[in-house]
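Each ligand, and each atom within it, is numbered from 1 in the order the structure gives. Along the sequence shown, the residues carry numbers beginning at 1. Quick note: numbers below take in every heavy atom, side chains included, and nothing from hydrogens, waters or symmetry partners.
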Amino acid sequence: MNGGALVLHGGSVQTRSNDTEFRFRPDSDFYYLTGLVEPGAVFVFRPGHDPESTLFVRPRDAEAEVWSGRRKGPQGVVDEGRAEQAFDVAQLKQELPRLLEGASTVYIPLGRARSVERSVLSAVQLLRRRNRDGQRAPESLTHVEALLGPERLVKDEAAIEDLRRAVEISSLAHMDAMRFCRPDRFEYEIEAIMDCRFRMAGSTGPGYTSIVGGGDNATILHYVENSSRLQGGDLLLIDAGCEWEQFTGDITRTFPVNGTFSGAQRELYQLVLAANVAAIEQCRVGASINGIHRDCVARLAQGLLDLGLLQGSLDEIIENKQYRRYYMHRTSHWLGADVHDVGPYTVDQVDVPLAPGHALTIEPGLYVAAGDTEAPAAFRGIGIRIEDDVLVREDGPEVLSHAVPKAIDELEAIVGSADAITFG
Ligand code: GLY
Ligand code: MN
Ligand code: MN
């Protein structure tokens, strides 16, 4: 940190409506460094100082705790080893100048926690005024992502275990959904089965809002209403993953509601599957997310030409981005505590090379809008995405989501194979 200090906010309870609230989830950076789940807390880290770590938390308050839950209080978080010293959060303004004095820069989550920004700016201003007494104010603020992005990008063994568990439970839920699926069920019933699996396994629930889209709902990338009745003859696209210790799975599968692919569905599916398999194979040390995406685009574009969905030369289609009519998102993102995890994709305009401990998704898809009258009729209203979670290892890619079927024959065998799902 080159003599810098770091100030993070633990996150706030968010209002759902009037006076009811969402379940609290801590800020990912804050949790990464402290392991503490405590709304309104502030963490200050100053390597090389004594003490290095300070937490500000709500004080114990018997009456408030009856209404809104237990608190650890300053002594409690020190006893747990979350920081070397702790104060009542009401003392933040008073203590912060002393903690930031002489720091070269202050790393903060710029734009993400206004109250912390204001506290830091006030402390910096005060230190500038006290310069007459020899105190030194930090000279810059730096986005914490510059520090923790590259750090969180490389998963250590503990993080890998948590991510593995998140993907494992997510995988079970996808298989439940496949077994339970049949015509006339509603999308929300499938979602409910998955939610049940997540919670019964001890997860806090989905790491992002589940997408359960039958038929042409699958062509809406962020479809989350999940309210339609499933029709035999349609495909169902499910993009869902659960959270485990703040890490989330992010898996998509697409399969026929009645267990049998039609000819056009099969052709499009095979194309996406081949792109998925080829891209996973490329998740090797030294490759890059942009390079994998370029190759994936070329494969999908060639397939779209072969199927008559696009016309012209491959080079033109890629150059003019015509493939974007059917493939409008990217192939990969970093995966971790945030589903679209932090971590740079390029540094000084050079692609970040994949390295051991990087986790990313591979998620090619093709989406033909129902109203796309230029597309051959058989393909209209079909949306397909196949998304796996991949860990880069020294000796090649490890597909964390390997257990979830994606070959056509495997899908046709599993879909609709259970009348009820039991949760043990
Ligand atoms: N579920 C969000 C994504 O696949 O990126
Ligand atoms: Mn996804
Ligand atoms: Mn994804």
>> Taking 4.0 Å as the limit for heavy-atom contacts, which would you say applies to Thr361 with ligand 1: side chain only, backbone only, both, or neither?
In response: neither
Tell me yes or no: between the side chains of [X] and [Y], is some donor less than 3.5 Å from an acceptor?
| X | Y | result |
| --- | --- | --- |
| Thr361 | Glu363 | yes |
| Asp351 | Thr346 | no |
| Tyr367 | Arg385 | yes |
| Asp295 | Gln282 | yes |

Name of the [X] N, O or S atom nearest the Mn ion (ligand 3)?
| X | answer |
| --- | --- |
| Asp250 | OD2 |
| Glu363 | OE2 |
| Glu387 | OE2 |

> Is any N, O or S atom of His333 under 2.8 Å away from the Mn ion (ligand 3)?
Replying inline: yes
> For ligand 1, is there an atom lying under 4.0 Å from some heavy atom of His340?
Replying inline: yes
>> Using a 4.0 Å cutoff against the non-hydrogen atoms of Glu387, which atoms of ligand 1 qualify?
In response: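 Checking each atom against Glu387, I get 4 (O).
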>> Using a 4.0 Å cutoff against the non-hydrogen atoms of Tyr208, which atoms of ligand 1 qualify?
In response: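 Contacts of ligand 1 toward Tyr208, numbered from 1: 1 (N).
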> For Arg385 and ligand 1, does the shortest N/O to N/O distance drop below 3.5 Å?
Replying inline: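 So ligand 1 has no N or O lying under 3.5 Å from an N or O of Arg385.
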> Do the rings of Tyr188 and Phe186 sit parallel, tilted or perpendicular, given the 30° and 60° boundaries?
Replying inline: parallel
>> Salt bridge or not between Glu245 and Arg165? Use side-chain N to carboxylate O under 4.0 Å.
In response: no
> Are Ser68 and Arg71 close enough, and set up right, to give a side-chain hydrogen bond (donor to acceptor under 3.5 Å, both in side chains), and what steps lead you there?
Replying inline: CA-CA 9 Å; Ser68 52; Arg71 300 177 179 182; 4.8 Å; no
